[in-house]
Number of protein chains: 2
Amino acid sequence: MTMHDLIRELHEPSASKIVLLVADGLGGLPMEPGGKTELESARTPNLDACSREGTCGLSIPVLPGITPGSGPGHLALFGYDPLEFRIGRGILEALGIHFEVGPRDVAARGNFCTVDDARRITDRRAGRPTTERCVAMCRKLQDVRVPGVELFVEPVREHRFVVVFRGDNLGDAVNDTDPQQTGHNPLMARAADAQSESTARAVNHFVAEAARVLAAEAPTNMVTLRGLARYPKIATMQEVYGVRPVAIAVYPMYKGLARLVGMDIADAGATLTDQVETLRCLWDKYDFFFLHYKYTDSTGEDGNFPAKVEMIERLDSELPKIRALEPDVLIVTGDHSTPSKLRSHSWHPVPTLLWSKLCRPDPVTEFGETYCLDGGLGQFQAKYLLPMALAHAGRLGKYGA
Amino acid sequence: MTMHDLIRELHEPSASKIVLLVADGLGGLPMEPGGKTELESARTPNLDACSREGTCGLSIPVLPGITPGSGPGHLALFGYDPLEFRIGRGILEALGIHFEVGPRDVAARGNFCTVDDARRITDRRAGRPTTERCVAMCRKLQDVRVPGVELFVEPVREHRFVVVFRGDNLGDAVNDTDPQQTGHNPLMARAADAQSESTARAVNHFVAEAARVLAAEAPTNMVTLRGLARYPKIATMQEVYGVRPVAIAVYPMYKGLARLVGMDIADAGATLTDQVETLRCLWDKYDFFFLHYKYTDSTGEDGNFPAKVEMIERLDSELPKIRALEPDVLIVTGDHSTPSKLRSHSWHPVPTLLWSKLCRPDPVTEFGETYCLDGGLGQFQAKYLLPMALAHAGRLGKYGA
């Protein structure tokens, strides 16, 4: 019996409300031995108060030692095992530009590249064209017609774009056409199963037409496609967890990930203050609220320790407004760590706080990585956080008599 | 998706170096209520310094409550789930005497026993003969010929020996011939699948010939075989983890276990000082070094608490030479606990320390069982230690976009 089977059996109707506040890349590291992390350095009176009243711990997004991308990191927080539910690169790329992928779509990441007269690739990124040129080239490709499928070509930036093939019964067991090295021709798409034959044909047709359309456009005179992926069929959070969920996010990628698991997507302004105001407005309409806060990650990726500290303090200052709504459960966590020291996502467990009136107390009095080691949640796999939230919200019945 | 599938996808080339120092049976217990364990009693300034700079925790070799043998204990530390990768008793016995088992081999543990005129077993261990007699009896059995297979008979000690059947397509689904009680005839070998028919025939032929050869040798006038096992097909650490590993061990069993997962086996002298010198000599040739230190286990098995403390202190004194090589990751752990108080392996979690420059700090300042409870690694399944080591060595890419 899987966790999902179990929760489907046990969830119960309730008027209780859960807020999942994801501070992207929240976890960090000290810059120097003996130092504090970003979160430990930040002045966070409101988070600290929550940690005293609630239960803390450290979340392992995928498995110990595994650094997650945003996709697996968020799926885990939504209660989906990120090793079981895999989102292909093409789909993530499409979500990232707010393309509304649907169940009849196969999406691919496209690259403009440069080929010589013998069609050998001489530059896999076409000399990194400007985004303006990317947009112009995509416009040309939008005129390509592929028999039997509807085609969408959308720019991302520089050499990157998205292609979506929409049609009936399109499989996604198709190889990348990028040979991964220069001096070789782009690869032909081949299907690894019967259902993907028509997809492979569509890919090859599209690439041949693209080569024709772009023939005079060197250095952007060819394309490669990779990460072909179908829109995954995922049971919604309504079905599995029995909640009415809404996402209040700014960046398209996170809206897309939320839509994958069946969340409604709210319109919200760009700041956390706007997002919290949206939360307030939607309070009566939903019972599960996913708030995504991006700037703890982006400052970490920039290696800007003081800026990440400031973004955490800004988050802290919005917390009273959320608590004033009186959620039954409030979770503050991250989808992964992004230590400023590493300027990238990392595998380090993520400080997590679960506040509710039903928490068993633990000794944690400040919210931070080291303090969370003493927390009542212990170190746990992120996919278990949502069942914990439901339990503390009185939304799960007893298993077995 | 399994952990191995995931790691195969994510491991990246790197010049970084990992040292896995296994102090066999490291974990212990106090002899008296209120006392300290062996490790806590030992003076270990170098391990303590590592614990301050690194991250500590407690490793669960198999599952909570499960006491592992050396095989499962080490497989877990090598990153192989010991419940998935099972090494048959015959193979472990052969590895333990440094017999180089290969992919065409089926190995069995043999016992000399005593039978009466009706071939009923009267003593399952033949009165525990001397090892000299065991050697002499094995020499007689080495003359036995079995059609279609190559046969090896090697003494272990007292009543114990190893038989290896070498041939093509020999299955190992064959029962033990030991009836497990006196007063019964040895059992006939029977195959549980088609591929094991020829193995069963070979076993029965060997046992019949052994009975003939040993007829006048009472009390060692018969043999039983058990734990028939083929050399397991295990993906190597190179394949799964992308490392070039070498084992620096003294005892044959540990060399054999290391060889099972694809490690090269170094020639090293008998002392830890010799082993560390070998490590130094091989430093440029490999990137993963497994050092096995036996004496923490053997002193624990002897129930000699002060001797185990001394062996731990000796280990500690060698640590600076290892650190002087500047590994990127240094792990000190055990394959299981061997408390002197119990004079045997036990299920108690194993104190573990992972040192690297990318460790998140934790409050641990001394290396010991109780202190490790506060450690950043928490209590974890031993099979996750290797992914953690790779992550801290910068050898794992990101999972998902």
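Residue numbers begin at 1 in each chain, while the letters A, B, ... track the order of the sequences.
- Looking at A/Leu29, the atoms closer than 4.5 Å to chain B (heavy atoms on both sides) all sit in the side chain, from C-beta outward.
- Inter-residue side-chain proximity for A/His348 and B/His392 is flagged as met; some heavy-atom pair is nearer than 4.5 Å.
- If you measure heavy-atom distances from A/Pro64 to chain B, the contacts under 4.5 Å come from both the backbone and the side chain.
- Side chain of B/Tyr399 to main chain of A/Leu63: no donor-acceptor pair is present (N/O by atom type, distance under 3.5 Å, no hydrogens or angles).
- Counting heavy-atom pairs under 4.5 Å between each of A/Gly28, A/Ser344, A/Gly71 and chain B puts A/Gly28 at the top.
- Minimum heavy-atom separation, A/Pro72 to B/Gly400: CG-CA, 3.9 Å.
- Residue contact with chain B, scored on non-hydrogen atoms closer than 4.5 Å, involves the side chain of A/Thr370 exclusively.
- Only the side chain of A/Lys341 has a heavy atom closer than 4.5 Å to any heavy atom of chain B.
- For a residue to count as touching a neighbouring chain, one of its non-hydrogen atoms must lie under 4.5 Å from one of that chain's; by this rule A/Ile87 does not touch chain B.
- Only the side chain of A/His345 comes within less than 4.5 Å of a heavy atom in chain B; its backbone stays farther off.
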Verdict with reasoning, B/Leu396 to A/Thr67, per side-chain contact (heavy atoms from CB on, under 4.5 Å) = CA-CA 8 Å; B/Leu396 282 185; A/Thr67 298; over 6 Å; no

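- Once rounded to the nearest 0.5 Å, the distance linking CE of B/Met388 with CH2 of A/Trp347 reads 8.5 Å.
- Interface check for chain B: of the options A/Gly96, A/Cys372, A/Gly35, A/Pro349, the most heavy-atom pairs under 4.5 Å are formed by A/Pro349.
- Within 6.0 Å of CZ on A/Phe380 lie more than 12 heavy atoms contributed by other residues, nucleotides or ligands.
- Taking a 6.0 Å sphere around CD of B/Glu12, one finds it holds more than 12 heavy atoms contributed by other residues, nucleotides or ligands.
- The closest side-chain donor-acceptor pair between B/Arg360 and A/Ser337 falls under 3.5 angstrom.
- Heavy-atom neighbours of B/Arg8 CZ from other residues, nucleotides or ligands within 6.0 Å: above the threshold of 12.
- A donor-acceptor pair under 3.5 Å is formed between the side chain of A/Gln379 and the backbone N or O of B/Gly376.
- Note on A/Arg86 versus B/Glu9: salt bridge recorded, some NZ/NE/NH1/NH2 to OD/OE distance being below 4.0 Å.
- Ranked by heavy-atom pairs under 4.5 Å with chain B, the list A/Gly73, A/Ser346, A/Pro68 is led by A/Pro68.
- Most heavy-atom pairs under 4.5 Å with chain A, from the set B/Asp5, B/Leu386, B/Leu390, B/Leu6: that is B/Leu6.
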